[in-house]
J.: 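Structure incoming, see below.
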Amino acid sequence: MAQRESTFVNMVVVLFLISAIAATALAFVYQATKDPIQKSKFEKKKQAIKNVVNDFDNNPIEEMFKIPVEGGDSVECYPAKKDGKIVGYAVKTFSKKGFSGLITVMVGFDPDGHIHKTAVLEHHETPGLGDKMQRNKSNFSKQFDNMDVPDIPDKDNDGIIIEVKKDNGTVDAITAATITSRAFCDAAERAYNAFKKIKK
Amino acid sequence: MLKTFPKGGIHPPENKITADKETVTLPIPKKVIIPVSQHIGAPAKVIVKKNDKVKTGQMIAQSNGFVSACIHSSVSGTVFKVDNIPDAGGYKRLAVVINVEEDEWLDTIDRSEDIIKEINSDKNEILKKIHDAGVVGLGGATFPTHVKLLPPKSMKPEVLIINGAECEPYLTADYRLMLEKSEELLIGIKILMKALSVNKAVIGIENNKPDAINKLETLSGNYDNILIAALKTKYPQGGEKQLIKAVTGKEVPSGELPVKVGAVVQNVGTVFAVYEAVQKNKPLIDRIVTVTGKYLSNPGNFKVRIGTSVKELINTAGGLPENTGKIISGGPMMGRALITDNTGITKGTSGILILSEQESKRRSIKPCIRCAKCVEVCPMGLEPFFLMALSRKTLFEKTENEGIFDCIECGSCSYICPSDRPLLDFIRLSKKEVALIRKAKRIK
Amino acid sequence: MSKLIVSLSPHQFGSNSVKKLMFGVLIALLPTLFVSVWYFGLGAITIIVTSVLSSVFFEYVFTRFLLKKPSTISDGSAILTGLLLAFNLPSNLPFWLVIIGAFFAIVVAKISFGGIGSNIFNPALAGRVFLLISWPVQMTSWPEPSPLSKHLLGYTDVTTGATPLGVLSEGLRSGESATKLISRVPDYLQLFMGNAGGSIGEVGAAAILIGLVYMLMKKIISWHIPVSILGTVAIFTGILWFANPDKFADPLFHLLSGGIMLGAVFMATDYVTSPMSKRGMLIYGVGIGLLTVVIRVWGAFPEGVSFAILIMNAFVPLINMYIKPKRFGKNKR
Amino acid sequence: MNKLKIFTKGFFSENAVFVMLLGLCPTLGTTTSAINGLGMGLATTFVLVMSNIVVSLVKKQIPDKVRIPAFIVIIASFVTIVELTMQAYVPDLYDVLGLFIPLIVVNCLILGRAEAFASKNNIIDSVLDGFGMGLGFSMALTMLGAVREILGSGSVFNIKIYEGDGALVFVLAPGAFIVLGYLIALVNRLQKRKSI
Amino acid sequence: MEYILIIISAIFVNNVVLSRFLGLCPFFGVSKQVETAAGMGGAVVFVMTVATIVTYLLQKYILISFNIEYMQTITFILVIAALVQLVEIILKKVSPSLYQALGIFLPLITTNCAVLGVAIIAVQTEGYDLIKSTVFAIASAIGFALSLVIFAGLREQLELSDVPEGMKGVPIAFVTAGLLALAFMGFSGIA
């Protein structure tokens, strides 16, 4: 079979056919992967919540509600329940005080106000410095595990409880990354303030 | 503040060993070799043949074209041969060899020591006499003087600048001349001013020659419109364009003649030759040559007949030292290394410099560290390191835009380079290549 | 008569050599060396010795066996790179990091390009920035300085402090006023003498200025680069300070703190990586000054001199291409 | 050319990255670790093989003048398929590779092979070519990723090799350029030695 | 202020070439001379801006409204390819001089992943609106042009120096790019 001539009709027909086939094929693949994609996104979020609160059996993502915080923003709050009983809250909080851009953190609370665990969701901090707030990179975030927030004294009476030691708080800052440490505390504090509102 | 050119320049050790040595007249040699091309331009046409008898001062080759100069016999005797003889650089060139017999001068030449102040010749006569006497620039460039005195009609000379800078280390010929022949110089200047119809002349002298400045300053009181400018000692102060800039503050545009800014420059040696040509009818048959070098036993300034062999001159100065490495015709910065001492003094020989082997050795070339010292010292505002880099990678065309033809080859860049890179060598190479490329283009 | 040597003019050469120039710079660095040892003691000595020795070693090995060229260590440029690298490091840096830094400086930033004269970026600074990005924690913990008389050849105090610029940068981010912050760092006389935290060679403006005067006198460098850098920093920070003294520190603070002095006098003036023409040098200097202030005031790094110089190093070929020296006989347009 | 040579030339003598310098953006952008490099390499290989197959099958049907747009549509379709599939089944890798997955479409390697090889050869050779080139590309990416991971984080394929942090630079942009530069120099050297 | 941040970020902090690894083929391919680099830079500024505007509109008014976002890759690349052709034809007719200057670079731009990359970043990753997308595209392209011209200057200088045999050409170009990227890291944190 010889090469098809480059006549106008041929070109249009061929291109159209190829595009049509491609579009059909893609539509098919899209349909086939739609549910798995949804599911994997959902699982990811659920995993993030699971990482920071006690074991639950409900679907916190469906029960998510928003809590307004200072500055006109709001944070997302995911209640975790087991057998219909609240076993904790995961608060998706943030801080704008980071070195470069927004830091998003998931903070899990036990019903009594203890922080259960924390997990950094997104950040753009300096590699090797600020990114040490991630759990797998240093022990910094482990300080927040089981932190008894209501019992922390506010030494300098500035109304802020979760602070680094430099600011009269209790948290050891990451070496050479005080700013990121402060931002992390800021995010946790924001989550705690939101949590207090839930409790009311 | 002393006048000088504003950009670039270096200050090498002056080494003016012979500054205090009065000029000594060298005995007449037994044989002279007189090349017919001792000037820039067309070689002169030989008008004598073998076995002809010639007198001292007799013309033996005639100017052959507008830019050319006449050649005269510097001795009396018999023409031994007219032949191609290797010159100082080793190239064979046409020369007249004369065996000396007696010292019989042409009667037209006034050989007395009397100073003739009165200028009787008019402008045209002056020009003709200069032409007939074969006067060329004695600073080293050897450009025929009468041509320089006839600038293109569109440009009008305004000032005559006399180059007494003698910025090359070691050389003292001009200095001695200024001290010993001050009066003649001033008359020569007057003659040139008349020839050029300018009413201002400035003698530029570097301030490492205070006696010369003082003497000329005192004497110039008797002459109108001749000024002395003391210049800062800086090489290449004697470069034509640099001197004009230093004295007048004007810059000769790239690729133009100095007369574009109204300046005509003549070397002091030339001025003296003009004096002799016009007032004494004496053609250019001798000149003052500094024979110098740190290891020479009797360095000095000598009045030498053109054509005398370098060997004879060196012998008078104490003979060639054991450790001789280089014999240089001219100064250490722009002079040419001779391949043999068996060659004649020409009109352009301002000095013979003997360097020891130690001094002659070039140090090994190290990588360019881009210190920019060559850019700093280049009096023409070029970037020698860049020209060399381009030329090393054979990107010759590019050097044209970088102003390679503005280079006056003063050697300041090679002198200053801490990595001992032969910058000027590569610039010369590129100049040659670009000239070839230009020529090829023209042929197309 | 032995054979005459024939070569093209010139026949006489200056007494300058690369070696002389490099050792000239080394001499100019002596006061700074003294200050750094005075305040940082044995730590400084360890770093300097490690850095110089490993730089020379890498230079020798890689030129001889990889480039297969004759060794260039005798010209002193590797010693200089090593010393300048050391001056840009904190005095308690582990010695193996110093060796890695020297490796990067000499092998990656210099020998890979062809050795002395061919490199594009300042090797010492490339090494320093490489270390800073790679090991930010170790590179930003600064031991407190204490005069030699106090620590008597012991290692410097383990307590680490912040550099004046670090204090400023961090404080401003948490909303404190510049005036208040400056009162917390050593006063200007202390900064001038070198009694402040920082890299071992960047403290002590006085010693660096002595070196500058020496190099200017010996005509090793010209004034253009240091003056244009320092001038630009002074003017730019002056304007900012004038506009809002609460948010910006005053020019004198900026000039005396951090590595600006060391950078302007010894790093930016590196022959190989700076422009060739005087006007080019001025543009280069102004660029470094502006970038330094921009990075210091708005960037993530409290100190920006190293980056500013490296960035302007990259502009040098363009500067050389378009900013030519004024040619004789070419009219100004 | 025999089949073996068609298959193996992409490994070394015509390696896309080290020799032909094709597909540099994903090469540098995704090789922060060996596993990421491998992932990107395999994704590219898939697209390369599939587009080679399709192009080789339909080559006679496509008029010359619309060759390039047609190829682009074919390639883009497979890229989208890879994109959706990865999103569904390996979401973590998808997140890491991010922007560079849709950018496979402008990887000159793929269009280059379609144009230079598949449109001129039969299907079996085209598959072999695609596989060879793709594996060579994957190999290069894995190698680069491994070196960067070792130097930058002290591990390879997430297995710790030495204690402590590596030189972070190698995980970041500057390190990518520098490591690739030296790898290319090394490959050049080896190749030269081989040819002598 | 927001726009200034976008501009600074796109030119210096997240430079397309030195930090995002986009457009590397032309970055290494067309950087041997400053003049051609500047020409390429100009062409990219032009195409990238137009491409981002067109793809933005396409995404917003067609792909999203018809819920066929999965067609993004395929439509974007076709739009860019068509656009480059169109620009070439128009330039040829309207401004032959500009065509002369940019003409040879235009076909190369189709496979410049920076164009597609920036379009995707603008409409998807960052989710900018039309004006921000345009500003972002122009700034990114300027960032590309800037790094390209600097790099070309560096390579021209390297041509004149004695790079060791093994490092000559591509390897030293990469190392240089790496050091340049290292220097540009100084801008981090500005925006």
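Convention: sequence-line order gives letters A, B, ...; per-chain numbering from 1.
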J.: Is there any residue in residues 19-32 of chain C with a non-hydrogen atom under 4.5 Å from a non-hydrogen atom of chain B, and which ones are they?
T.: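 Answer by number: Leu21(C), Met22(C).
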J.: Using the side-chain contact (heavy atoms from CB on, under 4.5 Å) rule, take Asp75(C) and Lys366(B) through it: C-alpha gap first, then chi angles, then the decisive distance, then the call.
T.: CA-CA 10 Å; Asp75(C) 64 25; Lys366(B) 271 124 353 225; over 6 Å; no
J.: Before you tell me yes or no, could you show the steps for Val375(B) and Lys278(C) under side-chain contact (heavy atoms from CB on, under 4.5 Å), namely the whole-Å CA-CA distance, both residues' side-chain angles and the distance that decides it to 0.1 Å?
T.: CA-CA 9 Å; Val375(B) 181; Lys278(C) 299 283 182 252; over 6 Å; no
J.: For Leu338(B), is it the side chain, the backbone, both, or neither that has a heavy atom closer than 4.5 Å to a heavy atom of chain C?
T.: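 For Leu338(B), backbone heavy atoms alone lie under 4.5 Å from chain C.
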J.: Going by the side chain to side chain contact (heavy atoms under 4.5 Å, CB included) test, name the single residue among Leu4(C), Ile5(C), Val6(C) that passes it with Ile339(B).
T.: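 Answer after filtering Leu4(C), Ile5(C), Val6(C): Val6(C).
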J.: Tell me, yes or no, whether the heavy-atom count around Tyr214(C) atom OH, taken from other residues, nucleotides or ligands under 6.0 Å, exceeds 12.
T.: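 Counting other residues, nucleotides and ligands, OH of Tyr214(C) exceeds 12 neighbours.
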J.: Quick one: pull up CD in Glu251(B) and CZ in Phe328(C) and give me the separation to the nearest 0.5 Å.
T.: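 Spacing of CD (Glu251(B)) from CZ (Phe328(C)) equals 4.5 Å.
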J.: Under the salt bridge (charged side-chain N to carboxylate O under 4.0 Å, His left out) rule, collect the residues that match up with Lys250(B), sequence neighbours excluded.
T.: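 Salt bridge (charged side-chain N to carboxylate O under 4.0 Å, His left out) check on Lys250(B) returns Glu158(B).
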J.: Non-hydrogen atoms of chain C under 4.5 Å away: do they reach the side chain of Phe386(B), the backbone, both or neither?
T.: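 For Phe386(B), side-chain heavy atoms alone lie under 4.5 Å from chain C.
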J.: Which atoms of Glu402(B) come close to chain C, meaning under 4.5 Å heavy atom to heavy atom: side chain ones, backbone ones, both, or neither?
T.: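 When you check distances to chain C, atoms from both the backbone and side chain of Glu402(B) fall under 4.5 Å.
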J.: With side chains defined as the heavy atoms from C-beta onward, is the minimum distance between Phe13(C) and Arg362(B) less than 4.5 Å?
T.: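 The answer is yes; the side chains approach within 4.5 Å.
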J.: Is the CZ atom of Phe65(C) crowded by more than 12 outside heavy atoms at less than 6.0 Å?
T.: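 It does: Phe65(C) CZ has more than 12 such atoms within range.
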J.: I want to check something: taking the side chain as every heavy atom from C-beta on, are Asn16(C) and Cys417(B) in contact at a cut-off of under 4.5 Å?
T.: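 Heavy-atom side-chain distance check fails, nothing below 4.5 Å.
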J.: Is it the case that over 12 heavy atoms from other parts of the model lie below 6.0 angstrom from the NZ atom of Lys16(B)?
T.: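 For Lys16(B), atom NZ is crowded (more than 12 foreign heavy atoms under 6.0 Å).
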J.: Under 4.5 Å heavy-atom distance to chain C, tell me which part of Pro379(B) shows up: side chain, backbone, both or neither.
T.: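 Just the backbone, heavy atoms under 4.5 Å.
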J.: Answer with yes or no whether the side chains of Arg428(B) and Ser9(C) bring together a donor and an acceptor at under 3.5 Å.
T.: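 Judged by distance alone, the side chains do pair up.
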J.: Give a yes or no on whether the backbone of Gly335(B) and the side-chain of His11(C) come within a donor-acceptor separation of less than 3.5 Å.
T.: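 Yes.
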J.: With the side chain counted from C-beta on, respond yes when Asp270(C) and Arg370(B) share a heavy-atom pair under 4.5 Å apart, and no when they do not.
T.: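 Contact flag for Asp270(C)/Arg370(B) side chains = no.
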J.: So do Glu376(B) and Met276(C) actually touch side chain to side chain, heavy atoms under 4.5 Å?
T.: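 Sidechains of Glu376(B) and Met276(C): no contact.
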J.: In this structure, are over 12 heavy atoms from other groups packed under 6.0 Å from Lys260(B) atom NZ?
T.: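 No, not enclosed.
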J.: Indicate the atoms forming the closest heavy-atom contact of Pro10(C) with Gly411(B), along with that distance.
T.: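 Residues Pro10(C) and Gly411(B), closest heavy atoms: CG-O, 3.5 Å.
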J.: So, taking the atom named CD in Gln12(C) and the one named CE in Met333(B), what distance separates them when rounded to the nearest 0.5 Å?
T.: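 If I round to the nearest 0.5 Å, the distance is 6.5 Å.
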J.: Would you mind checking which part of Cys368(B) comes under 4.5 Å of any heavy atom in chain C, side chain (CB onward), backbone (N, CA, C, O), both or neither?
T.: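 Only the backbone of Cys368(B) comes within 4.5 Å of chain C.
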J.: Would you say the side chain of Leu424(B) lies within less than 4.5 Å of the side chain of Leu8(C), judging by non-hydrogen atoms?
T.: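 They are not in contact (no side-chain heavy atoms under 4.5 Å apart), so the answer is no.
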J.: Ignoring hydrogens and angles, state whether a donor on the side chain of Lys326(B) or Ser7(C) is under 3.5 Å from an acceptor on the partner side chain.
T.: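 The answer is yes; a qualifying pair exists.
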J.: Do Lys324(C) and Glu383(B) have side chains that approach each other closer than 4.5 Å (heavy atoms only, starting at C-beta)?
T.: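 Lys324(C) vs Glu383(B): side chains touch.
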J.: So does Lys69(C) have more than 12 non-hydrogen atoms from other groups sitting under 6.0 Å from NZ?
T.: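 Result for NZ/Lys69(C): enclosed.
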